[in-house]
Amino acid sequence: MKGSGPRQATLPGLWKREQESNEKSKRKTSRTYDAVSYHKCDDNNGVLFWENKSLVNGPMLLLRGAVGGSTSTQRKNTKEALSSLPDWDDSVTFNIYGKECCMRRRICQYSSSGDISYSYSGLKNVVAPQFPMLVYEIKCQVEDLMLNYFLDNLEPSLSTGIKHFAVPPEFMALLRAIRESRNDPTSGERSEIFNYCLLNHYRNGEEYMSYHTDDESSLHPHCPIASVSLGSTRNFDIRQRKKGETSTKRCRLDRIPLGDGDLLLMFHPMQENYEHCIPVEKRVVGDRINLTFRRVNKR
DNA sequence: GCAATTAAGTTGC
DNA sequence: GGCAACTTAATTG
C-alpha cells in the first residue's frame with residue numbers, strides 16, 4: 001500500500017516551534033544581512049544589487065529582476081516566446097523503483113554544440129539540441145552580468161568577506177580566460193561560461209518539482225549553476241541533503257521566493273550539502289518558466 | 001532517483 | 001468553534 005507506513009505523531013504546534021527554532025538558528029549561523037550582503041554593482045544598464053543568499057557550505061548569490069527584459073511587459077513577451085518553443089515535452093514519464101511516474105511540469109533542454117547530454121529527474125543522458133536564438137540571448141545576458149559583476153565590480157577584499165561566500169579562484173580564472181578570448185580578435189568562436197540549459201515550465205501552482213540535487217558529477221566543479229525565473233513568483237525551498245543515517249529531521253531550512261527576471265547563482269558545494277524543490281502552491285496564479293544554465297563537461 | 005500518498009497541522013472564512 | 005482547503009513531513013515504491 002502506498003504512503004501508509006508509520007508516521008511519527010506530530011505534536012500540536014511542533015511545526016511552528018521548529019520554524020521559530022529554524023529562524024533563530026538561521027539568525028545565528030546561516031544568514032547574515034550585514035553590510036556586505038548586498039553588493040552594489042555598476043552595470044552598463046544601471047545599478048544592480050547582488051544579494052548574498054548563502055547557507056553554511058551552500059554559496060548562493062541572487063540578482064532580482066535583471067534578466068529577460070527590462071520591463072515586466074518585455075519579460076512577459078520573453079516568457080510567452082519561450083513557452084512557444086517547439087521542443088517542450090509535456091508528458092515525461094520515468095521509472096522509480098519500478099513505478100511509473102509522470103513529471104509534474106514540462107521540460108526541454110538545449111546546448112551549444114547540439115550534442116551534449118545530461119541526466120536529470122530520473123532521465124539519463126538525454127541529448128540536447130542547439131540553443132534557439134532566444135535562449136542563446138538570455139544566456140549571453142546572464143554571462144555578461146556575471147562577467148561584469150565578478151571581473152569589474154567585485155572587489156577582491158569583498159569576495160572573501162561575505163558571510164559563507166567566497167568566489168572560487170578557479171571560477172575567476174575561467175572568467176578571465178573568457179574575457180581574454182572575447183577580446184582577442186584572432187580567436188574563433190565566442191567563448192562561453194555555459195554550454196547547456198534545462199528549461200522547466202510550471203504552468204500553474206499545482207505543478208512542482210520535488211526535493212532533489214542537481215547532478216554535479218558531469219558539471220564543471222567551479223562554475224555555478226545559473227537559474228533564471230520568468231513569470232509568476234514561485235518559492236525555492238531548501239533543506240539539508242540526506243547523508244548516511246537519516247534519523248535527523250530534514251525540514252525546510254530556507255525559502256527564497258524567485259520572481260520575474262530573477263537570477264540565482266548556486267556555487268559548489270551547494271548541491272553537495274543541500275536539496276531544493278519548487279513546492280505546490282495552489283494560490284499561485286499564472287505560469288513560471290525557469291532556465292538553468294550549466295557548464296557541462298564534454299565527454 | 002522523485003512523484004504519489006497519507007496523516008496531521010495551519011489558515012481563512 | 002467548525003469546516004474546508006491548504007500546507008507540511010514522512011513514507012513508499
Side-chain angles (χ1 to χ4, degrees), chain A residues 1-26 30 55 58 88-109 117-128 196 198-219 225 227 232-258 266 269-288 290 292 294 296:
Chain A
M1 204 158 49
K2 293 167 187 171
S4 59
R7 183 183 187 276
Q8 212 170 15
T10 312
L11 297 169
L14 186 60
W15 162 243
K16 202 167 188 176
R17 285 204 297 282
E18 279 174 359
Q19 281 281 78
E20 286 163 359
S21 144
N22 282 339
E23 288 300 315
K24 277 178 202 157
S25 69
K26 241 192 297 186
S30 12
L55 300 168
W88 288 104
D89 198 335
D90 313 36
S91 52
V92 180
T93 57
F94 53 94
N95 275 292
I96 291 181
Y97 297 103
K99 186 172 68 177
E100 186 158 73
C101 292
C102 185
M103 197 173 279
R104 307 307 297 221
R105 63 193 177 279
R106 61 180 193 146
I107 59 170
C108 66
Q109 51 166 358
S117 64
Y118 182 69
S119 301
Y120 57 90
S121 303
L123 302 174
K124 299 283 176 202
N125 295 327
V126 184
V127 174
Y196 172 89
L198 174 65
L199 290 87
N200 288 288
H201 190 190
Y202 304 88
R203 289 164 286 192
N204 53 60
E206 295 195 53
E207 297 204 321
Y208 66 96
M209 175 152 43
S210 302
Y211 273 113
H212 69 286
T213 57
D214 295 324
D215 172 30
E216 271 199 321
S217 64
S218 58
L219 301 181
I225 295 171
S227 166
S232 303
T233 298
R234 290 293 294 265
N235 286 319
F236 180 84
D237 286 359
I238 302 166
R239 73 177 182 188
Q240 202 81 43
R241 187 171 180 179
K242 193 194 288 185
K243 280 189 177 168
E245 290 304 306
T246 62
S247 54
T248 50
K249 276 177 163 259
R250 291 193 301 144
C251 52
R252 194 174 73 213
L253 286 175
D254 203 359
R255 163 168 280 184
I256 304 174
L258 294 179
M266 290 178 278
M270 158 81 187
Q271 307 298 330
E272 205 168 272
N273 296 303
Y274 298 94
E275 298 178 330
H276 55 271
C277 76
I278 304 294
V280 171
E281 287 170 281
K282 297 197 171 180
R283 76 191 71 178
V284 169
V285 177
D287 63 332
R288 165 182 183 256
N290 168 238
T292 49
R294 298 145 205 257
V296 176

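Just so it is clear: chains get the letters A, B, ... in the order the sequence lines come, proteins before strands, and each one is counted from 1.
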S.K.: What nucleotide among C/dC6, C/dG13, C/dA9 has an atom nearest to a side-chain atom of A/C251?
M.R.: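 Nearest to the side-chain atoms of A/C251, counting from C-beta on, is C/dA9.
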S.K.: Rounded to whole Å, how long is the line connecting atom NE2 of A/H212 with atom P of B/dA3?
M.R.: 9 Å
S.K.: Mind calculating the distance between CD (A/E281) and C1' (C/dA5) to the nearest angstrom?
M.R.: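 Between C1' of C/dA5 and CD of A/E281: 15 Å.
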S.K.: Looking only at side-chain N and O atoms, does A/Y208 come under 4.0 Å of OP1 or OP2 in B/dA4?
M.R.: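 For B/dA4, OP1/OP2 do have a side-chain N/O of A/Y208 under 4.0 Å.
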S.K.: How about A/Y211 and A/R252: do any of their side-chain heavy atoms sit closer than 4.5 Å?
M.R.: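 Yes, at least one pair of side-chain atoms sits under 4.5 Å.
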S.K.: Are the side chains of A/L199 and A/I107 in contact, using a 4.5 Å heavy-atom criterion?
M.R.: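 The answer is no, as the side chains (C-beta and beyond) never meet within the 4.5 Å cut-off.
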S.K.: For the pair made of CZ in A/R105 and P in B/dA4, what is the distance, rounded to whole Å?
M.R.: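 Taking atom P of B/dA4 as the reference, CZ of A/R105 is at 11 Å.
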S.K.: Is any side-chain heavy atom of A/R255 closer than 4.5 Å to one of A/P279?
M.R.: yes
S.K.: For A/N200 and B/dA3, what is the distance between atoms CG and P respectively, to the nearest whole Å?
M.R.: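 Distance check: A/N200 CG to B/dA3 P gives 10 Å.
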S.K.: Of A/E100 and A/R241, whose closest DNA chain B nucleotide lies nearer the 5' terminus?
M.R.: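 It is A/R241 whose nearest nucleotide is closer to the 5' end.
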S.K.: In this structure, how many angstroms lie between the P atom of C/dT8 and the CD atom of A/E275, rounded?
M.R.: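 To the nearest whole Å, that distance equals 17 Å.
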S.K.: Among C/dA9, B/dG1, B/dA3, which is the nearest nucleotide to the side chain of A/K99?
M.R.: B/dA3
S.K.: Just to verify, what does A/S232 make a side-chain contact (heavy atoms from CB on, under 4.5 Å) with, not counting sequence neighbours?
M.R.: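 By the side-chain contact (heavy atoms from CB on, under 4.5 Å) rule, A/S232 matches A/V284.
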S.K.: May I ask you to verify if any side-chain N or O of A/R255 is less than 4.0 angstrom from the OP1 or OP2 atom of C/dT8?
M.R.: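 So the side chain of A/R255 is within the cut-off, an N or O lying under 4.0 Å from OP1 or OP2 of C/dT8.
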S.K.: Measure the distance from CG on A/L253 to C1' on C/dA9 and round it to the nearest whole Å.
M.R.: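 For the pair A/L253 CG and C/dA9 C1', the rounded distance is 14 Å.
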S.K.: Go through the structure and list residues passing salt bridge (charged side-chain N to carboxylate O under 4.0 Å, His left out) with A/E207, not counting sequence neighbours.
M.R.: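 A/E207 satisfies salt bridge (charged side-chain N to carboxylate O under 4.0 Å, His left out) with A/R203 only.
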S.K.: Dot-bracket notation for DNA chain B is requested: 5' to 3', Watson-Crick or G-U wobble pairs only, both distances under 3.5 Å, with ( ), [ ], | and . as defined.
M.R.: .||||||||||||
S.K.: Check every strand shown and say whether A/C102 touches a base, only sugar-phosphate, or nothing at a heavy-atom separation below 4.0 Å.
M.R.: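 A/C102: backbone/sugar contact only, no base atoms under 4.0 Å.
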S.K.: Whole angstroms only, please: what is the CE-C1' distance between A/M209 and B/dA4?
M.R.: 17 Å
S.K.: So do A/H276 and A/H212 actually touch side chain to side chain, heavy atoms under 4.5 Å?
M.R.: yes
S.K.: Whether A/R104 contacts B/dA4 is assessed here as follows: a side-chain N or O lying under 4.0 Å from the phosphate OP1 or OP2. Is that the case?
M.R.: yes
S.K.: Would you sort out whether A/I278 and A/F236 count as a side chain to side chain contact (heavy atoms under 4.5 Å, CB included), showing the intermediate values?
M.R.: CA-CA 5 Å; A/I278 304 294; A/F236 180 84; 4.1 Å; yes
S.K.: Rounding to an integer number of Å, can you tell me how far A/R252 CZ sits from C/dT8 P?
M.R.: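 Taking CZ of A/R252 and P of C/dT8, I get 5 Å after rounding.
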S.K.: Using OP1 and OP2 only, check whether a side-chain N or O of A/R283 sits under 4.0 Å from B/dG12.
M.R.: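 A/R283 to B/dG12 OP1/OP2: no side-chain N or O under 4.0 Å.
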